[in-house]
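Please read these numbers as outputs of a predicted model, since none were measured by experiment. For the numbers below, each heavy atom of this structure counts, side chains included, while hydrogens, waters and symmetry mates do not.
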Amino acid sequence: MDNCIFCKIVAGDIPSNKVYEDDKILCFRDIAPMAPVHLLVIPKEHIPSADHITNDNADIVAHIFATIPLIAKAEGISESGYRIITNHGDDARQSVKHLHFHVLAGKQLPENMG
């Protein structure tokens, strides 16, 4: 997608503070962190949102969830815990229309999200 900021980050057109990268996914630090550790994990393939996960691309999402614990361990947040969040649509405040997962940690997060 030409206008997708995350696709531009994957392509190297926009710099990021990379934490992890392989042939399918990229993890980088959020530029506006909402916790001491705030990572974004994205598929390199443009998938607009959770509604666009199909049998053909579900392996990428599975790979993301298999890799997040490895990233968490490397970041030193595995033992204390972390939260994984994805937003879908305007009401959920999905600001970038490219599937992504927020990994938040580094302090006790609020129990009540609303």
Side-chain angles (χ1 to χ4, degrees):
M1 297 290 292
D2 292 339
N3 292 335
C4 176
I5 190 168
F6 287 170
C7 287
K8 290 178 181 180
I9 290 171
V10 168
D13 298 336
I14 296 175
S16 67
N17 188 349
K18 291 181 188 178
V19 172
Y20 175 88
E21 182 176 18
D22 64 28
D23 61 325
K24 294 181 182 178
I25 67 174
L26 175 64
C27 174
F28 53 94
R29 298 190 191 286
D30 195 296
I31 61 169
M34 300 183 80
V37 176
H38 188 164
L39 308 173
L40 296 173
V41 184
I42 66 170
K44 288 185 171 182
E45 172 186 334
H46 183 83
I47 302 171
S49 70
D51 273 358
H52 295 86
I53 299 170
T54 66
N55 288 334
D56 293 333
N57 63 22
D59 62 318
I60 296 170
V61 177
H63 179 65
I64 287 171
F65 276 89
T67 306
I68 285 175
L70 304 175
I71 295 167
K73 186 172 183 176
E75 287 290 303
I77 59 173
S78 188
E79 293 296 318
S80 59
Y82 53 93
R83 184 174 289 168
I84 304 168
I85 300 171
T86 191
N87 301 320
H88 167 70
D90 294 335
D91 283 354
R93 311 283 263 177
Q94 182 184 3
S95 59
V96 178
K97 305 303 190 236
H98 183 124
L99 183 66
H100 57 284
F101 298 90
H102 298 261
V103 179
L104 304 166
K107 69 176 185 178
Q108 189 167 42
L109 300 170
E111 184 176 330
N112 184 345
M113 296 290 292

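- In this structure, Ile64 shares a hydrophobic cluster with Val19, Tyr20, Ile25, Val37, Leu39, Val41, Ile47, Ile53, Ile60, Val61, Phe65, Ile68, Ile71, Ile77, Tyr82, Ile84, Leu99, Phe101, Val103, the cluster being traced through Ile, Leu, Val, Met, Phe, Trp and Tyr side chains under 4.5 angstrom apart.
- Distance NZ/Lys97 to NE2/His46: 10.5 Å, rounded to 0.5 Å.
- The side chain to side chain donor-acceptor pair (under 3.5 Å) test applied to Lys24 returns no partner, not counting sequence neighbours.
- Closest approach of Ala105 and Ala35 over heavy atoms only: O-CB, 3.5 Å.
- If you chain together ILVMFWY residues whose side-chain heavy atoms come under 4.5 Å of each other, Leu70 ends up in a group of its own.
- The shortest heavy-atom contact between Gly106 and Pro36 is O-CG, 3.6 Å.
- Not less than 6.0 angstrom separates the ring centroid of His100 from the ring centroid of His98.
- The shortest non-hydrogen separation linking His38 to Pro33 is ND1-CA, 3.5 Å.
- Contact check for Thr67 versus His63: side-chain heavy atoms found under the 4.5 Å cut-off.
- Rounded to the nearest 0.5 Å, atoms CZ (Arg83) and CE (Met34) are 11.0 Å apart.
- Among residue pairs with one or both ends in residues 29-39, those qualifying as salt bridge (Lys or Arg N to Asp or Glu O under 4.0 Å) are Arg29-Glu75; sequence neighbours excluded.
- In this structure, Ile14 CD1 and Ile9 CD1 are separated by 5.5 Å, a value rounded to the nearest 0.5 Å.
- Listed by chain and residue number, nothing satisfies the salt bridge (charged side-chain N to carboxylate O under 4.0 Å, His left out) test with Lys73 (two or more places apart in sequence, or in another chain).
- Listed by chain and number, the residues in a salt bridge (charged side-chain N to carboxylate O under 4.0 Å, His left out) with Glu21 are Lys18, Lys44 (sequence neighbours excluded).
- Once rounded to the nearest 0.5 Å, the distance linking CD1 of Ile42 with CZ of Phe6 reads 6.0 Å.
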